[in-house]
Amino acid sequence: MGRRARAKADLDLDLTDLPPELRWREWMGRVEAVIFASPEPVTREALARVVGRDCNIDLIIDDIRDELHGRPYELVSVAGGWQHRIRKEFATAIQTATGLGDQVRPLSQQESLILLCIAYYQPITRGELSQFFGREISRDLIGYLRGLGFIASGPRAPQPGAPYTYVTTKSFLSHFGFDTLRDLPDMEMLEDAGLLSKDKLLAGEFPMADDLAGGDGETFAPESAGSESPDDDDPGSGISAGL
């Protein structure tokens, strides 16, 4: 029997010797402790390992959230699981006291737009991204977004040369506070506004995106890209954040 199996066998999941109220409080404590200790969002399957068969995890989460009202942190649903997050209004206080976040450069407008296109149109190739914006999207820029863990290589596209496509990752969902890609702003509204349409861009009918990109004529290159310049044929690593 492996270490995890032995630990699970030693843990009383159903807590049948406790009255219902104390049993529920114990389950709440276990669930919150597991989420608090994890640096990544914790899935339903992981939480089910520490509670009994009669435990409703969704109700447990709701009760934990109720108890966190007024606290500087909250329990959020991101990337297919749950995670403790500091409330946004306390970010400035944390940065002032600790300096955390001072070394992290926010994405530029161009980088944000490219990441937005990948999120909506994945899987999408670098060539399609270049066609969308009407200018070359550099490998360095793609490498920078990959280095941040926001995108990864997807399947090869059915095009000459079979270039790899790009997809978003679970880290993308977690960083921007999305549970799934369904949480992105409604695509139909954006298409109705004439902002995004993959069919038009692939047909060469989409106008230049100078207005979206700021219209400054600058090339899309990050201020501080990594030295790695991944080739379009390099599959890289990562997990697609599917719908």
Considering only Ile, Leu, Val, Met, Phe, Trp and Tyr, and joining two whenever side-chain heavy atoms are under 4.5 Å apart, list the other residues clustered with Val76. Val78

Which residues pass the salt bridge (charged side-chain N to carboxylate O under 4.0 Å, His left out) test with Asp58, sequence neighbours left out? Arg44

Is a side-chain donor or acceptor of Arg65 paired with a backbone partner of Leu75 at a separation under 3.5 angstrom? yes

Taken in chain and number order and not counting sequence neighbours, the residues that satisfy ring-ring contact (aromatic ring centres under 6.0 Å, His included) with Phe36 are His84

Under the rule for side chain to side chain contact (heavy atoms under 4.5 Å, CB included), what residues qualify as partners of Ala46, not counting sequence neighbours? Val42, Thr43, Arg49

Using the test salt bridge (charged side-chain N to carboxylate O under 4.0 Å, His left out), find all partners of Glu32 that sit at least two apart in sequence or belong to another chain. none

Can you tell me if Glu89 has over 12 outside heavy atoms packed within less than 6.0 Å of its CD? yes

Specify the closest pair of heavy atoms between Leu173 and Asp179, including all atoms of both residues, with the distance to one decimal. CD1-O, 3.7 Å

Does any part of the side chain of Trp27, heavy atoms only, come nearer than 4.5 Å to the side chain of Leu59, both counted from C-beta? no

For Arg25, salt bridge (charged side-chain N to carboxylate O under 4.0 Å, His left out) partners two or more places apart: Glu67

If you compare all heavy atoms of Thr125 against all heavy atoms of Ala157, which two are closest, and at what distance to 0.1 Å? CG2-CB, 3.6 Å

Could you tell me if the side chain of Leu47 sits less than 4.5 Å from the side chain of Ile60, heavy atoms only? no

Do Arg87 side-chain atoms and Arg71 backbone N/O form a donor-acceptor pair below 3.5 Å? yes

Is there a donor-acceptor contact under 3.5 Å linking the side chains of Ser174 and Arg85? yes

Find the distance between CG (Leu13) and CZ (Arg53) and round it off to the nearest 0.5 Å. 9.0 Å

Could you give the distance from CG (Leu107) to CG (Leu145), rounded to the nearest 0.5 Å? 6.5 Å

Can a donor-acceptor pair be found, under 3.5 Å and without considering hydrogens, that links the side chain of Ser171 to the backbone of Phe150? no

Are side-chain heavy atoms of Thr168 and Leu181 found at a separation under 4.5 Å? yes

